[in-house]
Amino acid sequence: LDSVLQRAWVDVWQDPWKGMATAAVETAKAGGRGAFQGFCPTFDGTPKWWDVVVTPIAGPAGDTSALLACSRPLAGRRRGTATAVKRRST
């Protein structure tokens, strides 16, 4: 867990999803709602597809002071693709 906590959030994602994560962060920094679906294994290596939303958190002056990234697993929808990604990486 420490290896993940010491990294930038977008660095947890591999290409091409890292680019999508970066775009979602940039959208949220600009005050919008960034979203994407991407593949990233869990901490224990279980292959999973995620539905991700990144939103801005406003500070006292109304500007974006922080970002909130929420992800939920996409149960079963992309199981075949996750297996193919896992096979390709081994």
Please answer whether the main-chain N or O of Thr42 pairs with a side-chain N or O of Thr46 as donor and acceptor at a distance below 3.5 Å. no
Among residues two or more places apart or on two chains, list those pairs meeting side-chain hydrogen bond (donor to acceptor under 3.5 Å, both in side chains) that have a residue in residues 55-73. Asp51-Arg72
To check you understand the geometry: which heavy-atom pair defines the closest contact between Ala69 and Val54, and what is its length? CB-CG2, 4.1 Å
List, by chain and then residue number, the residues other than Leu68 in its hydrophobic cluster (Ile/Leu/Val/Met/Phe/Trp/Tyr, side-chain heavy atoms under 4.5 Å); write none if there are no others. Ile57
Listing, residues 29-36 side-chain donor-acceptor contacts under 3.5 Å, not counting sequence neighbours, or none:
none

Please report the C-alpha distance between Val52 and Gln37 in whole Å, then the side-chain angles of each, then the deciding distance to 0.1 Å, and finally whether the side-chain contact (heavy atoms from CB on, under 4.5 Å) criterion is met. CA-CA 6 Å; Val52 182; Gln37 292 182 351; over 6 Å; no
When clusters are formed by joining ILVMFWY residues with side-chain heavy atoms under 4.5 Å apart, either directly or through shared neighbours, do Leu74 and Val53 land in the same one? no
Nearest heavy-atom pair of Pro56 and Leu67: which atoms, and what distance? CA-CD2, 3.9 Å
Can you tell me which residue among Trp17, Phe39, Trp13 is in a side chain to side chain contact (heavy atoms under 4.5 Å, CB included) with Trp50? Trp13
